[in-house]
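Owing to the predicted nature of the structure, the values given are computational and were not obtained by experimental measurement. Residue numbers begin at 1 in each chain, while the letters A, B, ... track the order of the sequences. Scope of the values below: all heavy atoms of this structure, side chains included, with no hydrogens, waters or symmetry mates.
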Amino acid sequence: MSLRNWAAKNLQGDIVIWMIVLFISIFGMLAVYSSTGTLAFVKQGGNTEFYLLKQGIMLILGLFIMWLAHLLDYKYYSRLSQILLWVSIPLLIYTLLFGINVNDARRWISIPLIGLSFQTSDVAKLALIMYIARFLSRKQENIKDKKNTLFPILISIILVCGLIAPSNLSTALVLFATSILLLFIGRIPVSSILILCLAAILLFSIMVFAIMQLPGQGRVQTWKTRIENFREKENPEANYQAVQAKIAIARGGIIGAGPGKSSQKNYLPSPYADFIFAIIIEEYGLLGALILIFLYLLFLFRCIKIVFKSPKAFGALLSVGLAFSLVIPALLNMGVAVNIFPVTGLPLPLVSMGGTSTIFTSLAFGIILSVSRNIEIEENKSIENVEETKEKEIENK
Amino acid sequence: MANVKKSILIRIFISYGGIVLLASFIIWNILKIQFAEGKKWKSINDSLTIKYKVINAVRGNIYSDNSTLLATSVPIYEIRLDLTVVNSDTFKKYKYQLAQKLSEKFADKPLSKYLIELNKAKRNNNRYFLIKNKLSYLDIKEMKKWPIINKGRFKGGLIIEEENYRVMPFKNLLTRTLGYTIDGKQKLKVGIEGAYNTELAGVTGRRLVKKTAGGFIPINDENEVEPTDGKDIYTTIDINIQDIVNNSLLNGLIKHKAHHGCAILMEVKTGEIKAIANLTVKNDGTYSETFNYAIGESFEPGSTFKLVSALALIEKNKIKLDDSVLINYGEFKILDKVMYDAEESRFKKQSFEFAFEHSSNVGISTAIQKYFAENPKEFIDYLKKLNIQNRTGIELPGEAKPFVKDFKSKTWSKISLPWISIGYEIKLTPLQILNLYNAVANNGVMVKPFIVKAIGEKGEKIKIFNTQIINQKITDDETLKKIKHLLKNVVLTGTASVIKNSNIKISGKTGTARISDGKGYKENEYYSSFAGFFPEENPEYSVIVVVNNPKENGYYGGIVAAPIVKDLAEKIYGYKINSGKNLNDFITANSIKTLDFAAKKDVLKKFNNKYLKKKIIEETTNADWLYIPSDSTGNINAKPIKDVKNLMPDLTGMCLKDVLFILENKKVKVQVTGKGKVFWQSIKPGVNIGKGTILILKMQV
C-alpha cells in the first residue's frame, strides 16, 4: 500500500506508462546481460557484470531524468524545442565535419571536460519532433497555407534529416518518416506531403551522387551492400546476419531456450543492439516477443489516450509525436531481426545496450509523462470545478 | 475546434492501425520462421560451422652474437578447393586443363592421376580438397591464373591457407643446435627452438570465423584475442667461427671416413659457446647435422679424462711431475685384468710427466692405484668436487647425465679405480669434458657453458643472461701451473706433437677410446678426441673435437682430432685479424658490409666514431633510410632515401622486406622477379605514384 502511495505521490502522470517503461527496461537488462558475453570477454577480460552494471546505471540515470522531465510543465517544452533545434543544427554540422570517426561514419561528439560522448542525432531527433508538434499546433488555424505553414516546416525537416543522413542513413529515414506521419496527423494535406516526399527523394539522390565523388565514397558502399545483401535472401554468405537471426528465432520456439541460454549470441554481430530482438526470441520465445510487442503497442495506445483528454493541440501532438518516434524504430529493429527490413543499426529503445542514447530516450518518455501529468492536474481541477458548481447549485436549491 | 480534434484523432487511429499492422506482420514473420521454416533454420544451425581460428603469432628470430639471422619464419601457402562451389559444367570443362597444369608444374604425378583425384573429390563433394601445399608466394601467384582456380572463392571454391615456415639462412650450419619443435601427439623439442619455445612462439591469437562456401570468414571486425609475436633469441654463436669449426670438422671426418663427429668451441672467460658442430655421415657419404652429439651423447672419454687423475694426484701432493711411475713396456696386469697402452713401450719406468704426455694407461692407472686404492672414496669425492657428476646445465634440452660409478655400487670392483683413472667405467658428454679443460684454461674458475645471451623484443634486449660461475677455484695455482705445463707438452713432445708447429699455440690432451656397445668393446672402433685450449699462453678459447669411428688414415686422437683443432684455431685467428675486430674505432668497409641498406637509427648505432656520426647526420637530413654501398676504399657513401608521400623512392639495394615496408602505405602493386636485392625498378625515383600503380622490381643476389 505504501508503495502505491509513494508512487501516486511521486510518479505522477499515467502510471501505466511508468509500468511499461519499467518492464521494458527489465527486459533490456536481461537481454543485455545475456548477449554481452562475447563482448565482455573481448573488451573487459571476462568481466560479464561490467555491461550489466553499465546498462543498469544508464537505466537508473534514465529513470531519474524521466522523473525530472515529467515534473516540468509541458508548456515549457514548446519554447525549449525551438532553442534545442537551433542548437542541434550547428551541432550536426560540427559532428559531420569533426565528429569521432567510427566505421567511416561520424556520429559522435565528445563533450569537453566530462569526456562523455553522444550522438548528436539523438538530440536533433528529439528537438525536431518537439518542434514539429509546436509548429503544427500553432498553425492549426491556417494549416493549408503553404507559404507560412508548409515551407518553414519542410526546411527544418529536410535540413535535420539531410544532416544526419550521410553518417546515419537509417536514423535519418526513420526520422523523416516519423515527421511525415506527424504532418499527416497534424492535418497537413496529403498532396503537400507527396510533394515533400518527392523533394526529399530528389535531394537524397543529389546527396548520394555528391558523396560518391568523395574519396572512399563515404558510407554509400555500406548502404549498397546492406541493400544487396537483403535482396539476396537465399545466399547464406551475403546474408549471414539474417540467417543467424533466423536460426535464433527458430531455436527460440514458443517459450524460448531460457534466460542466458542463447547460443546464437556468439554468432550474431552486436547481439546486444541491432539483433537483440532475435536473442530475446531465442531466450524467451514467441511469448517473450509477444509481450514486448504488446508493451510497445500499449504504450502507444496510452499516449493516444492522452490526446482524448488533452485540451490543447500541442500536448496531443507532442505526446503522439514522441510516442511514434519511439515505437517506429522499435518495430523497425524487430523487423530487421525477422528479416523484413535490411540491416539498419537502429536500436530497440530501452532494450538495446546504449550509453547516452538511453538518456535521450528517457527524456522523450519524461516529456510524454509531463503532458499526461499536466492533463491529470487540469482534469482534477475541472472535476473540482464541476463539483463546486454542483455543490453551489445544490446550495442554491 | 471540435472538428479539428476529431480529424486529428481519426488520423492518429489510421497511423495506429498502420503500426498494429506492422506489428502483426512481425509476429507473422516470427511464426513463419519458427513453424513453416523452423526445420530448415535449425538444420542450418548444425551445418553452419563456426569456430575459433587460431592466428599464429610470428615466431621470434634467432640471432648470432652479432645479430646475424640464424633462424626466421617466412610464409608458405597451400591451395585447396571447395568443390561444392565449382559448378559441374565448369568443372567438366576445365578439370583436364587443371590436371595438366599441375602435372606440368610439379612433375610428381601423371596427368591421369591428378584427373582421377579431382574427379573423386568432386564426386565426394569435398569441400576442402588439397591441391598442393608448401607453396611459395610466387607459386600462388602463378597458380591463381590456372583454370578453375582463377574463378576465385565464390565460383572456383578457392581456399588459400597461409602458414609460417621456419627458415635457417645458413642451411646446414648449426641445424641441430638451433633445433626445431614438433607440436602434436608427439611433442618434440630440440635445440634452441625447443629450449626457448615458449619465448619464441609468442601467444597465438583467436578469431571467430564462420564457414562459408569459400572457406572461413571472420565474423567480427577485430580479432577476439590478438596474437602476440614471439620474442627473439640472441645466441652466443659467432656464425663465422661456426662456419670455420664446421668446415674443419667436416674435412677431418671426410679424411678419416668417420661415422660422425662433433666440435665445440667455448670462450674461456665467459663460457659462451661460440660454435657447436655435429656431423653424421649419410648414406650417400655426405655429412649433415642429425644429432647433437656435443651435448646428447655421453661416452667413456678415455685419455682426455687423465686430466682429472693428474689433477687429483698433483693437488693432493701424491706425486711430483718427475716422480717415476711404472710403465712396464705398455702392458700390466692389475688384479685379473690386463691393461695395455696404445702401443708397446720400451720403458719399464718413466716420469709421471712422460706417462701423461704420452698417455700411458699403465703409467696413470698404476699411479692412481698406488695412491688411492686404499681409499677409493677420496678419488671419487675429488671427482665430485670437480662437479663431474652433474650436468653442465646448458639451456639446450637433452643433455646426457654423466655416469660416475660410486665405490659403494654393486658394479664397483677392485679394477674400477684404475679403469676410471684412464677414462673408462665413466661416461661424459663432449661438453662436460670441455668444461673441465675450460676451467683449467680459466685459471681454475669453472663457468657454466651457455648459448643464449639475451631475449629480445622488437629489437630491444629485454633479458640478458650473464656468465655463471660453478666453482670459483677448482684447484690451487701451483697445481694449475703444473697441469698447464703437462698439457702444453702433450702438443710439444707428446701424443699431439703432429700439431706442434701450429701458428697458434695450442694446449690439450688427446684421447683414443674404444667404443663400447654396452656389452663389450668393439674391435677397431674408436673415439678419437682432443680437448684443450688456445692460445696456450693466454687462452681465449677452449675446444673439444670428438671423431667417432674413423676408418682411414689413422685413429689416434693425436692423428685424427688434434689436426682438426689446429686447422680451426689457425683459421679463427686468420678471420679475427681480417675482420678488423681488433680495430676498434676505425670503420672499414668490410665490417659494415652487412648493412647495405638500413634505417638511419640502426646505422648510427654501428658507429662509435663521433665525427662519422656527425657527417652522416649532416649529409642525410630528412632521410630515414640509408643505403651504404661499401666500396673498396672503405669510404662510407650514405645515400639518403627520401620517403615522400606519393613519390616513388629509390629502392635499389633493398631487400624485399624493406621494399614492402616502405611501400606499405603507398598502395602500389609490386611485381617481383628474381631473388635478393633490387637492382632495377620500373618506376624511376621521384616519379608521382598513385593508388593502384604497378611497380615491377628485378632482384638479384
Side-chain angles (χ1 to χ4, degrees), chain A residues 38 41-42 103 136 140-141 143 181-182 184-187 235-237 240 243-254 263-264 266-270 277 281 285-286 289-290 293-294 296-297 300-301 303-304 307-308 310-311 313 316-317 320 324 327-328 331-332 334-335 337-340, chain B residues 1 3-5 7-16 18-50 52 85 153-154 206 208-214 217-226 691:
Chain A
T38 325
F41 272 93
V42 180
N103 293 340
L136 289 177
Q140 275 306 315
E141 300 304 322
I143 200 77
L181 190 70
L182 212 50
F184 168 70
I185 291 170
R187 299 196 313 120
N235 183 351
E237 168 119 12
Y240 172 75
V243 169
Q244 292 299 335
K246 282 181 180 173
I247 293 168
I249 293 166
R251 263 178 53 84
I254 292 171
S263 67
Q264 290 303 105
N266 296 321
Y267 308 137
L268 268 170
S270 41
F277 189 59
I281 299 178
L286 182 62
L290 287 176
I293 292 172
F294 172 74
Y296 278 109
L297 290 182
L300 191 57
F301 182 76
C303 293
I304 292 171
V307 179
F308 279 101
S310 174
L317 288 171
V320 169
F324 275 112
V327 173
I328 290 174
L331 289 178
L332 288 182
M334 295 175 184
V338 300
N339 199 29
I340 51 180
Chain B
M1 202 59 201
N3 274 341
V4 171
K5 191 167 182 177
S7 167
I8 288 181
L9 270 173
I10 289 168
R11 284 159 183 262
I12 286 176
F13 275 113
I14 292 172
S15 309
Y16 190 70
I19 293 289
V20 172
L21 219 62
L22 179 58
S24 314
F25 190 46
I26 289 169
I27 294 167
W28 167 250
N29 265 281
I30 297 174
L31 291 172
K32 199 173 89 182
I33 292 167
Q34 286 195 338
F35 298 103
E37 305 170 355
K39 269 190 182 162
K40 177 182 161 193
W41 297 120
K42 279 185 194 165
S43 70
I44 287 185
N45 188 16
D46 298 327
S47 71
L48 260 186
T49 47
I50 284 154
Y52 275 107
V85 173
R153 209 168 71 191
F154 298 115
R206 284 200 313 168
L208 199 58
V209 289
K210 60 181 193 237
K211 179 154 189 181
T212 64
I217 296 175
I219 290 176
N220 293 311
D221 289 344
E222 287 168 35
N223 294 334
E224 270 67 29
V225 179
E226 287 294 336
K691 193 179 160 191

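A donor-acceptor contact shorter than 3.5 Å links the side chain of B/K5 to the backbone of A/F308.
With a threshold of 4.5 angstrom between heavy atoms, A/V307 approaches chain B through its backbone and through its side chain. Only the side chain of B/I14 comes within contact range of chain A, with heavy atoms under 4.5 Å apart. With a threshold of 4.5 angstrom between heavy atoms, A/Y296 does not approach chain B through any atom at all. Contact of A/I293 with chain B is made through the side chain alone, with heavy-atom distances under 4.5 Å.
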Please output the side-chain donor-acceptor pairs of residues 18-30 of chain B that fall under 3.5 Å, not counting sequence neighbours, one pair per line with the distance.
| from | atom 1 | to | atom 2 | distance (Å) |
| --- | --- | --- | --- | --- |
| B/S24 | OG | B/V20 | O | 2.6 |
| B/N29 | ND2 | B/F25 | O | 3.1 |

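Here the straight-line distance linking atom CG of A/L182 with atom CD1 of B/I12 works out to 9.0 Å at 0.5 Å rounding. Note: A/F184 CZ to B/S15 OG = 5.5 Å, rounded to the nearest 0.5 Å. Here CG of A/L181 is found 10.5 Å from CZ of B/R11. Values are rounded to the nearest 0.5 Å.
Scanning for side chain to side chain contact (heavy atoms under 4.5 Å, CB included) contacts around A/F301 gives B/Y16, with sequence neighbours left out.
A/F294 CZ: 12 or fewer foreign heavy atoms inside a 6.0 Å radius.
Heavy-atom pairs under 4.5 Å with chain B were tallied for A/G253, A/G335, A/G186, A/A289; the largest tally goes to A/G253.
Closest heavy-atom contact between B/Q34 and A/I254: OE1-N, 4.3 Å. Residues A/A250 and B/G38 come closest through the heavy atom pair CB-O, 4.0 Å.
The one candidate from A/I281, A/N339, A/I247, A/V338 that meets the side chain to side chain contact (heavy atoms under 4.5 Å, CB included) condition with B/I33 is A/V338.
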